[in-house]
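In what follows, every heavy atom counts, from backbone to side chain, and hydrogens, waters and symmetry copies are set aside.
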Amino acid sequence: MLAELDASGGDLAGHRGLQPDPGIASLATEIRRERDVEVLTRHAQMLPSGLKVIPAPSRPAQAHAAISALAGVLPEVFPKLLRETTLIADLGRLTGASVELAGSMDRLLVLTRPKLTDLAHLDGLPPNAELVLVGRGPYPPKEVTDALDLKIRVHLRHDPAAQAFLEGRRRRTRLVRAARQLAATLAVSAQLEPVP
């Protein structure tokens, strides 16, 4: 399941032609009363691939209000859900309520380019954060690791076709192959390094 928990607003519904509800806003309303695992499923929509997604509102004010309401409740629901399925949460930029949610994740992967303008925003990440470097930059992975004291999970090539894929205008890209490789790496490491 993919939950779009980006407090600055979501893109998933627009890119994939989904309805705004059910989604994060309707989940934020119901989860005040119901805190079982099924509450997430009731607010998910199905993509043609079979992936269940919970889209965020596209308007920042609505998304921020919904994510703020969920930040104190979802960490209680996540452990119950993870017994049955894998949840991937898109937190967007880690600000406000997203920071609170980030600390409750088993794994936190932060995508960034190895450039000063991007790396400068990485102060204060939770201790469970790992980096996914994307594209080329003036700083090699070892230098980034030494400077930030953060583990680099993987370094992906820049894929100019990735945006077209994410917007539904293209079906195959290097991004998909890289994402499969990253998923396989995480699955193996999850078996070797159990999360408490």
Side-chain angles (χ1 to χ4, degrees), residues 1-13 23-28 31-32 35 37 39-40 43-44 51-135 141 144-145 147-156 166 175 178-179 182-183 185-187 189-190 193-196:
M1 183 180 293
L2 172 65
E4 196 173 30
L5 299 173
D6 187 344
S8 63
D11 298 320
L12 190 59
I24 292 297
S26 61
L27 173 64
I31 206 164
R32 293 175 189 160
R35 295 191 183 178
V37 174
V39 74
L40 294 175
H43 295 276
L51 177 67
K52 292 178 184 175
V53 297
I54 308 175
S58 59
R59 294 185 176 154
Q62 291 174 331
H64 177 73
I67 302 304
S68 295
L70 291 170
V73 179
L74 279 183
E76 177 185 325
V77 177
F78 284 152
K80 298 173 190 173
L81 173 70
L82 295 177
R83 291 184 204 131
E84 301 175 19
T85 189
T86 299
L87 175 76
I88 298 172
D90 174 3
L91 300 175
R93 291 187 181 268
L94 293 179
T95 59
S98 296
V99 176
E100 189 175 340
L101 285 170
S104 70
M105 301 290 168
D106 286 338
R107 292 197 173 218
L108 177 64
L109 300 176
V110 178
L111 278 67
T112 187
R113 295 177 298 178
K115 298 182 178 181
L116 183 60
T117 53
D118 290 32
L119 297 171
H121 296 284
L122 300 182
D123 283 342
L125 289 177
N128 61 335
E130 297 175 285
L131 296 181
V132 175
L133 294 181
V134 181
V144 172
T145 300
L148 298 176
D149 194 28
L150 290 170
K151 181 178 181 178
I152 295 176
R153 176 52 65 181
V154 70
H155 190 167
L156 303 175
L166 293 172
L175 174 65
L182 175 59
T185 301
L186 289 173
S189 68
E193 306 166 15
V195 178

Return the [atom1] to [atom2] distance between [X] and [Y], rounded to the nearest 0.5 Å.
{"X": "Arg107", "Y": "Arg153", "atom1": "CZ", "atom2": "CZ", "answer": "5.0 Å"}
{"X": "Lys52", "Y": "Leu2", "atom1": "NZ", "atom2": "CG", "answer": "13.0 Å"}
{"X": "Leu70", "Y": "Leu27", "atom1": "CG", "atom2": "CG", "answer": "5.0 Å"}
{"X": "Leu12", "Y": "Ile54", "atom1": "CG", "atom2": "CD1", "answer": "10.5 Å"}
{"X": "Leu133", "Y": "Leu150", "atom1": "CG", "atom2": "CG", "answer": "10.0 Å"}
{"X": "Leu94", "Y": "Leu122", "atom1": "CG", "atom2": "CG", "answer": "9.0 Å"}

Is there a donor-acceptor contact under 3.5 Å from the side chain of Glu4 to the main chain of Val53?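 Not at all, since once roles are kept as given, no pair shorter than 3.5 Å links the two residues.
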Backbone N or O of Gly23 within a donor-acceptor pair of the Ser26 side chain at under 3.5 Å?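 Indeed, once roles are kept as given, a pair shorter than 3.5 Å links the two residues.
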Hey, does [Y] have a side-chain heavy atom less than 4.5 Å from the side chain of [X]?
{"X": "Val154", "Y": "Leu109", "result": "no"}
{"X": "Asp6", "Y": "Ser98", "result": "no"}
{"X": "Leu125", "Y": "Leu148", "result": "no"}
{"X": "Leu5", "Y": "Leu74", "result": "yes"}

Could you report the tightest heavy-atom contact between [X] and [Y], atom names first, then the distance?
{"X": "Met105", "Y": "Ala89", "result": "CE-CB, 3.7 Å"}
{"X": "Pro114", "Y": "Val134", "result": "CD-O, 3.5 Å"}
{"X": "Ser8", "Y": "Ala63", "result": "C-CB, 4.5 Å"}
{"X": "Ala66", "Y": "Ala28", "result": "O-CB, 3.8 Å"}
{"X": "Ala44", "Y": "Met1", "result": "CB-CE, 4.5 Å"}
{"X": "Ala71", "Y": "Glu100", "result": "O-OE2, 3.5 Å"}

Are more than 12 heavy atoms, taken from residues, nucleotides or ligands other than His43, located less than 6.0 Å from that residue's NE2 atom?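 Enclosed.
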Within a 6.0 Å radius of atom CG on Leu51, are there more than 12 heavy atoms belonging to other residues, nucleotides or ligands?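 Enclosed.
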